[in-house]
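Chain naming here is simple, since letters A, B, ... match the order of the sequence lines and numbering starts at 1 in each.
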Protein chains: 2
Amino acid sequence: MNNTIRQHHAPHATMEDVARLAGVSLKSVSRVINNEPHVSAKLRAKVEAAITELDYVPDMAARSLAGSRTFIIGLLFDNPSPNYTMKVQSGVYRACVEHQYHLRIDQIDSSCSDDLVQAQLSAILRNSRCDGFILTPPLTDNQLVLDFLEKQGIRYARIAPDIQLDRAPCVLIDDFAAGAMVAHYLFNLGHRRFGIITGPDHHGAAHRRRDGFVSALRTMGLDGPILEAPGGFAFSGGIAAGQVLMDASPRITAIFATNDDSAAGAMVSCMRAGVTVPGDVSVCGFDDSWVAESVWPALTTVYQPIEEMAHRTALMLLDRTGQAATQTTLDFRLIVRDSVAAAP
Amino acid sequence: MNNTIRQHHAPHATMEDVARLAGVSLKSVSRVINNEPHVSAKLRAKVEAAITELDYVPDMAARSLAGSRTFIIGLLFDNPSPNYTMKVQSGVYRACVEHQYHLRIDQIDSSCSDDLVQAQLSAILRNSRCDGFILTPPLTDNQLVLDFLEKQGIRYARIAPDIQLDRAPCVLIDDFAAGAMVAHYLFNLGHRRFGIITGPDHHGAAHRRRDGFVSALRTMGLDGPILEAPGGFAFSGGIAAGQVLMDASPRITAIFATNDDSAAGAMVSCMRAGVTVPGDVSVCGFDDSWVAESVWPALTTVYQPIEEMAHRTALMLLDRTGQAATQTTLDFRLIVRDSVAAAP
DNA sequence: CGCAGTCTTGACAGCGCTGACAACGGGTGT
DNA sequence: ACACCCGTTGTCAGCGCTGTCAAGACTGCG
């Protein structure tokens, strides 16, 4: 098959045009564009004027062919939640626009065997070089992926990683503290019998939320059992987990779901079982994703600044000149809506 | 700010390596890669063997610098629904991978003034050339955007356009028929008093769904009023529209929302008003998006193959060699869940 | 005043590929 | 046998930019 697309570009100004207009050499224009040192203010001004006048935009293809950068960063994800992914994408995209970079998006299925994961990665890398990658959970904590990238000498930054935080730049929230916050909130409303809906096995942040929740309850003196059921961050998983939790006797009065999707599922389980939310059982989610507002009653949840986290992560990847790993922690907050009430 | 990212690529095989190994000229390798005619089977085989042996992958930057193609297509969207956008993206992305193309994503805000829309487009085009663009609603029916692209001689294809279908390749479903299908379904369940939640003003497909629905009801002999309230395809719009519709007396028994998001909002309005779904009022959505399954009761809705539509659209853009506009219509189907019942 | 040392600027090759064009070779018609 | 044609293969310049290296401009100091 011969895929032929041909385009007649409007003739763009080239670096040569700029150089001629500014009366300087090609290389000087290049220096200005790349913010290189050792350029006099006068020369820079001349060149910038010419660039503006000609509405010059550097040609990415030529830049990457001649130089060692590609001006592309890749976003690797393996998260089924469209909501989460879109927010991440939008944050990373914003950083790219700000830095005249391009964004490449690739989905990886990390649930398969190591060999297959490796094959997917190789294919992506072969297919187009990138200056760096952004990893989202659960890829952030996949040793295989990290090792592979490092072995190839490819830079990357991580969003909300769990392990080995100093291995590469990353941005996260204190998931443990967030879980604890939910615990305090529910405990202070009088709840004493709790259920937790956990996330995917390999999702570090989900574990930290759960650990923070449990740890805070224990610290506050709760000594009864705390039920747990796996929700896998999916709506359907939330339904199943909700059913399991509903079966307990005496019945629990509050559920902490480690993300909103599974919280929504749990609410459906309650409805089906004839249990009212929040009258009989309170439900608290995590993410403040789009579903939180579209269920009824609206979901009380923890807001985390996903878009901003993604943006910061991308900036780390783009800005850095040195090697030192950095780490940024952003704030979360409780979003009180209608799915949590005082214990019955 | 000096954004310095440098990467040491593992030394890749180049076309020259392939040519040497195969014992042919550079140009012959190029011919094979680009599927050009006038290449003997023997030569092609030799080259392909060498390519496999060396694991050669053509360098995109060099290709676009030397040739007239960029190997990038752009996806332009202005749709707030993460669900819809993700599906479109995934379909287009698949087509790109199949054709060794890259995908560029750009968001446009088309609700602002014409001048600003034009400015956004110019910025996108200046920033990086593309071999073509994919448009999603409501951009598909924005005269300004279409004119602009055509004036610049840029190819594009449309997903679910409303007007001037022969202007460019497109893929769509028969929204009118889909609306009619919903009308028949509800009418046959005994419903006679209807409310419609309409979409954004400038969204052609939303109008067609509404028109098909109304037209079918009239054809079946319904002569009472059919209420309409604007939902703007948003969850919050759906709540507002739901409230308006609930105020009617005698109360309507069925609501057709032109997308799932607004249907979910309408369901919340019902709950708040103490009206049960589907006991008192039936609600039918459109899209079979993710929310359809995460509300309670689960939403009866119309499935449209968004991912597939996007994929086909991208293939049209990539495959075509001629100029003739083409058009593909795909199937939709009713997804029966729990939000619709017989009229009370 | 001259010279080393530093800052600033420029000349030029070449990144990996494609497009235009040339050259080759083998079949056809006369 | 010769001219002609067409399918096939090759040669080479150059796309727009950056890295290397060298030259020029300036500074301070003996």
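- With the nearest nucleotide of DNA chain C identified for both K27(A) and L26(B), K27(A) has the one nearer the 5' end.
- A residue-by-residue look at E16(A) and G23(B) shows that G23(B) has its nearest nucleotide of DNA chain D further toward the 5' end.
- Protein atom CG of L65(B) is 17 Å distant from nucleotide atom P of dA13(D), rounded to whole Å.
- Using a 4.0 Å heavy-atom cutoff across all strands shown, F71(A) reaches no nucleic acid atom at all.
- Distance from the side chain of H38(B) is smallest to dG7(D) among dG10(D), dC17(C), dG7(D).
- Checked against dT18(D), dG10(D), dT18(C), the side chain of V24(B) finds its nearest nucleotide in dG10(D).
- In this structure, CE of M60(A) is placed 16 Å from C1' of dC15(D), rounded to the nearest angstrom.
- For S25(A) and dA11(C), the shortest distance from a side-chain N or O to OP1 or OP2 is not below 4.0 Å.
- Judged by distance alone, the side chains of S113(B) and D115(B) never bring a donor and an acceptor atom under 3.5 Å apart.
- Counting to the nearest Å, the P atom of dG16(C) and the CD1 atom of I33(B) are 13 Å from each other.
- Phosphate proximity of dG16(C) to T14(B): absent, as no side-chain N or O sits under 4.0 Å from OP1 or OP2.
- Phosphate proximity of dT18(C) to R63(B): present, with a side-chain N or O under 4.0 Å from OP1 or OP2.
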Begin from the C-alpha positions of L317(B) and R155(B) and carry the test side chain to side chain contact (heavy atoms under 4.5 Å, CB included) through to its verdict.
-> CA-CA 8 Å; L317(B) 194 61; R155(B) 292 172 33 98; 3.7 Å; yes

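- Two residues are said to be in side-chain contact when any heavy atoms from C-beta on lie closer than 4.5 Å; F133(A) and L75(A) fail this criterion.
- To the nearest angstrom, C1' of dC15(D) lies 14 Å from CG of D17(A).
- Heavy atoms of V29(A) sit nowhere under 4.0 angstrom from any nucleic acid atom.
- The separation between N35(B) atom CG and dC17(C) atom C1' is 17 Å, rounded to whole Å.
- Checked by atom type and distance alone, the side chain of D17(B) never pairs as donor or acceptor with a backbone atom of A13(B) at under 3.5 Å.
- Phosphate contact (OP1/OP2 of dT9(C), side-chain N/O of S40(A), threshold under 4.0 Å): present.
- Rounded to whole Å, the distance from CD on E36(A) to P on dT18(D) is 8 Å.
- Using modelled atom types and a 3.5 Å distance limit, the side chains of D78(B) and S110(B) yield a donor-acceptor pair.
- For dG10(D), its base sits under 3.5 Å from the side chain of R31(B) at one donor and acceptor pair at least.
- Among the heavy atoms of the strands lying under 4.0 Å from L43(A) are primed sugar atoms or P, OP1, OP2 only; no base atom is included.
- Out of dT18(D), dC17(C), dG10(D), the shortest distance to the side chain of A66(A) is found at dT18(D).
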